[in-house]
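First listed ligand is number 1; within each ligand, the first listed atom is number 1. Values reported hereafter were calculated over all heavy atoms of this structure, with side chains retained and with hydrogens, waters and symmetry mates removed.
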Amino acid sequence: MTRKTPRVEETSEKDLEVGKGPKHWAAGVPGVYHSMVPAVEQMGLNRTRKTVMKMNQKDGFDCPSCAWPDPHHRKAFEFCENGAKAVTWEATPVLIPASFWAEHSVSELRDRSDYWLGMQGRLTEPVYKPAGEDHYKPVGWDEAIRIITEKLKGLDSPDEAAFYTSGRTSNEAAFLYQLVVRGYGTNNLPDCSNMCHESSGWAMGQTIGIGKATVNFDDYANADLIIIMGQNPGTNHPRMLTELENCKHNGGEIVAVNPLPEAGLHRYKNPQKVKGIIGRGTSIADQFLHIRIGGDMALLQAVSKRVLDAEAKNPGTVLDHAFLAEHCEGLEELKEHLAQLDEQAVLEATGLRSEEIDELAARYLKAEKVIITWAMGITQQKKGVATIKEIINLLLLRGNMGKPGAGASPIRGHSNVQGDRTMGIWEQMPQSFMDALGEEFGFEPPREHGVDAVETINKMQEGEIKVFMAMGGNFVGAISDTNAAEAAVAGTEMSIQVSTKLNRSHVVTGAEALILPTMGRSEIDIQESGEQFVSVEDTVCAVHPSWGSVEPVSHHLLSEPAILSRLGKALVGDKIKADWDGYEKNYDLIRDHISRVVGGCEDYNTRIRQEGGFILANGPRDSRTFPTPTGKAVLTVNELEHVERPAGTLILQSMRSHDQFNTTIYGHNDRYRGIKKGRHVVFVNPDDIRELGLSDGLYVDIHGQYQDGVERVLRKFRVVSYPTAPGCAAAYYPEANVLVPLNHTAEGSNTPISKAVIVRLEPSVDQTPDSPARLHAAPGAEAAAPA
Ligand SMILES: Nc1nc2c(c(=O)[nH]1)N[C@H]1C(S)=C(S)[C@@H](COP(=O)(O)OP(=O)(O)OC[C@H]3O[C@@H](n4cnc5c(=O)[nH]c(N)nc54)[C@H](O)[C@@H]3O)O[C@H]1N2
Ligand SMILES: Nc1nc2c(c(=O)[nH]1)N[C@H]1C(S)=C(S)[C@@H](COP(=O)(O)OP(=O)(O)OC[C@H]3O[C@@H](n4cnc5c(=O)[nH]c(N)nc54)[C@H](O)[C@@H]3O)O[C@H]1N2
Ligand SMILES: [Mo]
């Protein structure tokens with residue numbers, strides 16, 4: 001079954017094709033077709049049947065793509081095009097052969113693209129790169145664990161190591177990981193969430209007492225109004241479109257707020273229905289607000305002000321007075337603050353007309369049940385935390401929380417990023433969690449907070465973090481300021497990656513480096529006590545089991561819990577009361593601990609086995625109880641600020657194409673935006689193209705304008721004339737990370753501001769399409785294609 005020599009062409013941007021602007025519909029026949037062809041081609045019919053069709057089924061595995069929840073009544077095909085891509089990429093029977101490591105030096109691999117690296121196939125054996133050498137070489141599992149343990153035990157302090165987690169890690173692995181790390185003695189547990197929904201966690205924690213969505217799955221279809229802000233569900237949460245369609249069928253309205261007219265927000269053809277396949281599909285957004293980047297805070301304040309003005313005109317009829325009196329505080333301060341709101345400043349910040357804001361306010365006032373959803377367009381902003389607090393303000397004013405069809409709904413990214421946090425993957429877990437952990441395992445956990453993602457790079461730069469371990473993910477590829485980050489990692493003494501496939505973080509390494517290959521979620525996990533399952537939590541707090549369904553690609557692989565049991569035994573051993581050998585044999589033993597340590601997870605082993613799992617309790621959603629210090633939800637006052645754009649510059653956001661999962665590049669097309677065979681593009685509004693003296697199709701160098709003396713530039717990106725909001729440009733992540741300064745982070749959450757970087761576009765010296773594109777330079781050097 002194994003094809004050992006992948007046919008992968010290195011990327012070249014010379015064949016780039018640009019179509020006619022954004023598509024107006026998403027999914028439909030092309031969606032299903034596009035997903036099945038590569039699956040069958042790469043895995044064969046049998047493996048495709050066992051993977052794609054087992055995804056999100058009750059006896060199957062949780063789709064490893066996004067965190068969108070599953071419906072109660074599941075169809076035979078409970079997957080989307082991008083879920084199929086994710087599982088094909090993971091379950092591919094293409095393996096990296098043992099000869100690979102001798103054939104390719106690490107420095108040679110550093111010149112390869114993320115796409116090429118990922119397409120080499122699955123990692124199957126642990127490999128080690130000694131200091132001073134340029135090749136990884138195979139090592140046994142025992143030897144790998146010994147090398148890591150020796151290094152960690154030799155550090156002056158456990159705080160000289162950092163332990164990253166990406167959001168695919170299961171609850172069982174996450175719980176074990178934080179136990180190993182805290183047992184070792186540090187809270188240095190940065191995670192992908194630091195770069196993702198951290199702003200949501202902070203804003204919601206401070207206002208309603210919990211950093212999670214206050215809605216259930218059924219609420220989407222039952223809302224009168226759903227406002228979608230800074231999110232592109234057609235690409236990143238495609239199954240959400242079904243619920244939006246259901247909402248519309250039930251008479252609900254949908255408003256999209258986005259600087260880009262994204263395909264799925266406009267028209268949707270449901271691939272699950274014959275009507276969707278042949279018909280025109282459902283038109284999704286009733287109103288589209290073409291907002292300027294970073295303008296959401298102003299928009300939300302302006303809508304809240306209109307709500308308060310309506311109340312002043314007809315006292316007693318607009319606000320939910322009973323709810324506000326019983327459950328909220330801060331109303332008077334908010335009223336006073338918004339009375340001063342300057343409409344001119346709002347129009348400038350949003351780029352919208354007053355009438356458009358009036359229309360949104362009218363829709364909000366008409367609706368009895370409102371959900372506001374959001375994702376990276378809101379969180380990865382300087383004012384991300386404040387903007388989400390304004391979302392909460394607007395919802396609270398009319399009691400849109402803790403009742404059916406209403407609530408706040410951050411839509412998480414990675415499939416288990418929320419569960420990882422619940423299990424203790426956070427550098428700042430509350431002391432109550434530490435108490436429970438210490439009690440359960442008979443030790444004193446470290447109490448001081450650890451470092452987040454950005455602080456990890458800062459401390460590497462200062463030489464204070466010397467060892468970096470990652471449970472999945474691609475930290476150097478995902479974090480901002482690529483060149484600085486790569487130099488920082490290259491300056492460490494050891495880096496360790498637990499991974500399924502190769503990526504940038506395996507080739508930009510510490511002096512010593514290890515790769516520990518692991519099983520993916522689609523694979524059957526057999527241990528001494530029998531077949532194991534793991535569990536995950538989705539974006540609406542539903543916790544459910546996930547059973548692998550295909551043979552692992554190699555029997556040398558260990559599961560994540562097995563790797564961690566072995567590391568825990570060697571590194572922490574009997575310093576704490578833990579049955580390290582037992583955890584690997586039987587994951588129920590890990591879940592027993594989770595029952596006793598993690599709030600809301602009591603009787604975990606029983607409840608996870610109920611059909612469909614269980615839903616974690618959530619005070620604001622279930623009973624309008626707000627676990628804040630005063631027991632009330634807090635309406636907050638936030639000073640308005642918008643992104644300044646000096647003359648001659650643009651505000652650049654970095655986003656995902658339709659053919660990628662974060663730093664994993666599946667292919668080079670962005671179908672809904674009309675881009676084919678390339679990624680080095682910058683989308684610019686036609687008026688800005690004219691004003692800046694550029695032209696559609698011109699190659700430009702994108703210069704970052706952050707004033708800290710560091711030159712940040714991406715060379716030779718093609719200008720694509722596109723209906724992005726005036727003054728706003730867009731390019732793809734991770735390439736654009738070169739332009740995001742490390743310390744350019746959101747206030748309060750320290751999340752990199754990936755959605756608003758000020759840039760200047762200069763025509764490239766070389767305007768020929770056929771010079772090879774090279775994105776990655778040596779760590780520390782300017783990342784550039786040949787000039
Ligand atoms: N297929 C696929 N699925 C994924 C992922 C993937 O890479 N591929 N990634 C997963 C992860 S980890 C995450 S976090 C989610 C990400 O899901 P999204 O947040 O949808 O991802 P982005 O592509 O970053 O899109 C951000 C959206 O915000 C808009 N935006 C940018 N700036 C602003 C602004 O100032 N205001 C407003 N209102 N909008 C703005 C952009 O135009 C874009 O539509 O998706 C998850 N699902
Ligand atoms: N400029 C810019 N930067 C961004 C963003 C942006 O919008 N713009 N988005 C940010 C966001 S929202 C996020 S979440 C981060 C993402 O940051 P990460 O989560 O670190 O990155 P991914 O690309 O999702 O990680 C992919 C790698 O995970 C490994 N992997 C896949 N499945 C498994 C598994 O089952 N087990 C293990 N152990 N490994 C596995 C594979 O080796 C794969 O190469 O990036 C952030 N960075
Ligand atoms: Mo994310």
Side-chain angles (χ1 to χ4, degrees), residues 64-68 80-83 85-86 89-90 114 117-118 123 164-170 173 191-197 228-238 256-262 265 289 291-296 299 374-381 387 411-415 417 453 470-480 497-506 516-522 560 563 643 651 653-664 666 724-725 728 730-740 751-752 754-757:
S65 199
C66 74
W68 182 253
C80 72
E81 173 186 358
N82 279 336
K85 285 184 205 162
W89 185 85
E90 169 179 303
D114 294 302
L117 290 172
L123 294 156
Y164 176 76
T165 311
S166 167
R168 243 177 226 188
T169 299
S170 66
D191 68 349
C192 69
S193 197
N194 296 145
M195 302 180 260
C196 182
H197 266 293
I228 307 170
M229 307 186 77
Q231 191 201 350
N232 178 20
T235 284
N236 296 316
H237 306 90
V257 184
N258 203 304
L260 296 176
E262 305 282 32
L265 298 173
L289 291 154
I291 200 163
R292 194 168 173 268
I293 288 177
D296 304 81
L299 173 66
W374 67 92
M376 297 304 105
I378 301 297
T379 63
Q380 296 172 337
Q381 298 284 357
T387 304
I411 308 283
R412 304 276 163 192
H414 265 294
S415 52
V417 61
M471 189 52 56
N474 177 8
F475 186 52
V476 282
I479 189 82
S480 41
Q497 290 282 140
V498 179
S499 311
T500 51
K501 291 185 108 180
L502 271 184
N503 63 43
R504 190 84 190 141
S505 295
H506 303 105
L516 308 180
T518 191
M519 285 161 57
R521 202 180 281 167
S522 57
E560 290 181 356
I563 294 171
V643 187
I651 310 171
Q653 64 150 318
S654 55
M655 66 200 180
R656 292 149 173 83
S657 82
H658 195 63
D659 252 1
Q660 72 184 84
F661 188 90
N662 297 341
T663 68
T664 297
Y666 301 133
T724 169
C728 301
Y732 296 125
Y733 143 67
E735 290 85 343
N737 261 334
V738 167
L739 299 169
V740 186
T751 295
S754 308
K755 294 292 188 276
V757 189

Colleague: Examine the side chains of H658 and T235 and answer whether a donor and an acceptor come within less than 3.5 Å of each other.
Modeller: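 Checked: H658/T235 side chains pair up, N/O donor to acceptor below 3.5 Å.
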Colleague: With heavy-atom distances below 4.0 Å as the criterion, list the atoms of ligand 1 near C196.
Modeller: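 With C196 as reference, the close atoms of ligand 1 come out as 14 (S).
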Colleague: Would you say Q497 and Y164 make side-chain contact, with heavy atoms under 4.5 Å?
Modeller: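 SC-SC contact between Q497 and Y164 ruled out.
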Colleague: May I ask you to check if ligand 2 and L502 share an N or O to N or O distance below 3.5 Å?
Modeller: no
Colleague: I need the nearest protein heavy-atom contact for atom 23 (O) of ligand 2: residue, atom name and distance, please.
Modeller: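 Looking at atom 23 (O) of ligand 2, the protein heavy atom closest to it is T663 OG1, 2.6 Å.
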Colleague: Is there any N or O on V498 that sits under 3.5 Å from an N or O of ligand 2?
Modeller: yes
Colleague: Does the side chain of Y733 come within less than 4.5 Å of M655's, by heavy atoms?
Modeller: no
Colleague: Do any N/O atoms on G230 end up under 3.5 angstrom from N/O atoms on ligand 1?
Modeller: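 G230 vs ligand 1: N/O contact under 3.5 Å present.
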Colleague: Regarding ligand 2, does A478 bring an N or O atom to under 3.5 Å of one of the ligand's N or O atoms?
Modeller: yes
Colleague: In terms of residue, atom name and distance, what is the protein heavy atom nearest to atom 41 (C) of ligand 2?
Modeller: T500 OG1, 3.5 Å
Colleague: List every atom of ligand 1 that sits less than 4.0 Å from any heavy atom of Q381, numbering the atoms from 1 in the order shown and giving each element.
Modeller: 32 (N), 33 (C), 34 (C), 35 (O)
Colleague: For ligand 2, note which part of M376 has a heavy atom under 4.0 Å away: side chain, backbone, both or neither.
Modeller: side chain
Colleague: For ligand 2, indicate whether the residue H414 contacts it via side chain, backbone, both or neither (heavy-atom separation under 4.0 Å).
Modeller: side chain
Colleague: Atom 27 (C) of ligand 2: which of G118, G473, A731 has the nearest heavy atom?
Modeller: G473
Colleague: Identify the closest protein heavy atom to atom 13 (C) of ligand 1: which residue and atom is it, and at what distance?
Modeller: G413 CA, 3.1 Å
Colleague: Just so I know, are the side chains of P734 and Q660 near enough to count as touching, which here means a heavy-atom distance under 4.5 Å?
Modeller: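 Yes, at least one pair of side-chain atoms sits under 4.5 Å.
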Colleague: Could you name the option among E560, E735, Q660 that has the heavy atom nearest to atom 38 (N) of ligand 2?
Modeller: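 Going through E560, E735, Q660 one by one, E560 has the nearest heavy atom to atom 38 (N) of ligand 2.
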Colleague: Got the closest protein heavy atom to atom 20 (O) of ligand 2, with its distance?
Modeller: Y164 OH, 2.6 Å
Colleague: Indicate yes or no: does an N/O atom of S654 lie under 3.5 Å from an N/O atom of ligand 2?
Modeller: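 Yes, at least one N or O pair falls under 3.5 Å.
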Colleague: Give a yes/no on ligand 2: does H197 have at least one heavy atom closer than 4.0 angstrom to it?
Modeller: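 No heavy atom of H197 comes that close to ligand 2.
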Colleague: Ligand 1 and Q380, any nitrogen or oxygen pair closer than 3.5 angstrom?
Modeller: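 The answer is no, given that Q380 and ligand 1 share no N or O pair closer than 3.5 Å.
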Colleague: Could you tell me which atoms of ligand 2, counted from 1 in the order shown, lie closer than 4.0 angstrom to a heavy atom of R168?
Modeller: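 So the atoms of ligand 2 that pass are 31 (C), 32 (N), 33 (C).
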Colleague: Is there a polar contact between ligand 1 and D296, counting only N or O atoms under 3.5 Å apart?
Modeller: yes
Colleague: Looking at atom 3 (N) of ligand 2, what's its closest protein heavy atom, distance included?
Modeller: Y733 CD1, 3.1 Å
Colleague: Looking only at distances, can you tell me whether any N or O atom of S166, backbone or side chain, sits closer than 3.5 Å to an N or O atom of ligand 2?
Modeller: yes
Colleague: Using side-chain heavy atoms (C-beta onward) and a distance below 4.5 Å, is D296 in contact with I291?
Modeller: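 A side-chain contact exists here, since the closest heavy-atom pair is under 4.5 Å.
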Colleague: For ligand 1 and K755, I'd like to know whether there is a polar contact (N/O to N/O, distance under 3.5 Å).
Modeller: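 Yes, since at least one N or O of K755 sits under 3.5 Å from an N or O of ligand 1.
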Colleague: Does any N or O of ligand 2 fall below 3.5 Å from an N or O anywhere on R656, backbone included?
Modeller: yes
Colleague: Relative to the heavy atoms of G294, which atoms of ligand 1 are at a distance of less than 4.0 Å?
Modeller: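 Per the distance check, 34 (C), 35 (O).
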Colleague: Around atom 42 (O) of ligand 2, find the nearest protein heavy atom and jot down its residue, atom name and distance.
Modeller: K501 O, 2.8 Å
Colleague: Using a heavy-atom cut-off of under 4.0 Å, does the side chain or the backbone of V417 touch ligand 1, or both, or neither?
Modeller: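 The answer is neither.
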Colleague: Would you check whether Y732 reaches within less than 4.0 Å of ligand 2, judged by its heavy atoms?
Modeller: no
Colleague: Is there side-chain contact between S166 and F475, with at least one heavy-atom pair below 4.5 Å?
Modeller: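 Side-chain contact under 4.5 Å: no.
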Colleague: Would you check whether G295 has a nitrogen or oxygen atom less than 3.5 angstrom from a nitrogen or oxygen atom of ligand 1?
Modeller: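 Between G295 and ligand 1 (N or O atoms, distance only) the closest approach is not under 3.5 Å.
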Colleague: List every atom of ligand 1 that sits less than 4.0 Å from any heavy atom of C66, numbering the atoms from 1 in the order shown and giving each element.
Modeller: 47 (N)
Colleague: Among all the protein's non-hydrogen atoms, which is closest to atom 40 (C) of ligand 1, and how far away is it?
Modeller: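 Looking at atom 40 (C) of ligand 1, the protein heavy atom closest to it is P259 CD, 3.2 Å.
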Colleague: Side-chain contact test, heavy atoms from C-beta onward, threshold under 4.5 Å: evaluate it for N236 versus R656 and give yes or no.
Modeller: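 They are in contact (side-chain heavy atoms under 4.5 Å apart), so the answer is yes.
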Colleague: Counting C-beta onward and ignoring hydrogens, is there a side-chain heavy-atom pair between L260 and N232 closer than 4.5 Å?
Modeller: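 L260 does not reach N232 side chain to side chain.
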Colleague: What is the nearest protein non-hydrogen atom to atom 39 (N) of ligand 2, stated with its residue, atom name and distance?
Modeller: G472 CA, 3.3 Å
Colleague: Does an N or O from N474, backbone or side chain, lie closer than 3.5 Å to an N or O of ligand 2?
Modeller: yes
Colleague: Starting from atom 44 (O) of ligand 2, which protein heavy atom do you reach first, and at what distance in Å?
Modeller: N503 ND2, 2.7 Å
Colleague: Consider only side-chain N and O atoms of T500 and R168, and report whether a donor and an acceptor are under 3.5 Å apart.
Modeller: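 T500 vs R168: no donor-acceptor pair found between side chains.
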Colleague: Taking the side chain as every heavy atom from C-beta outward, state whether S754 and M376 have any atom pair closer than 4.5 Å.
Modeller: no
Colleague: Could you work out, for atom 25 (O) of ligand 1, the closest of L289, N82, N236 by heavy-atom distance?
Modeller: N236
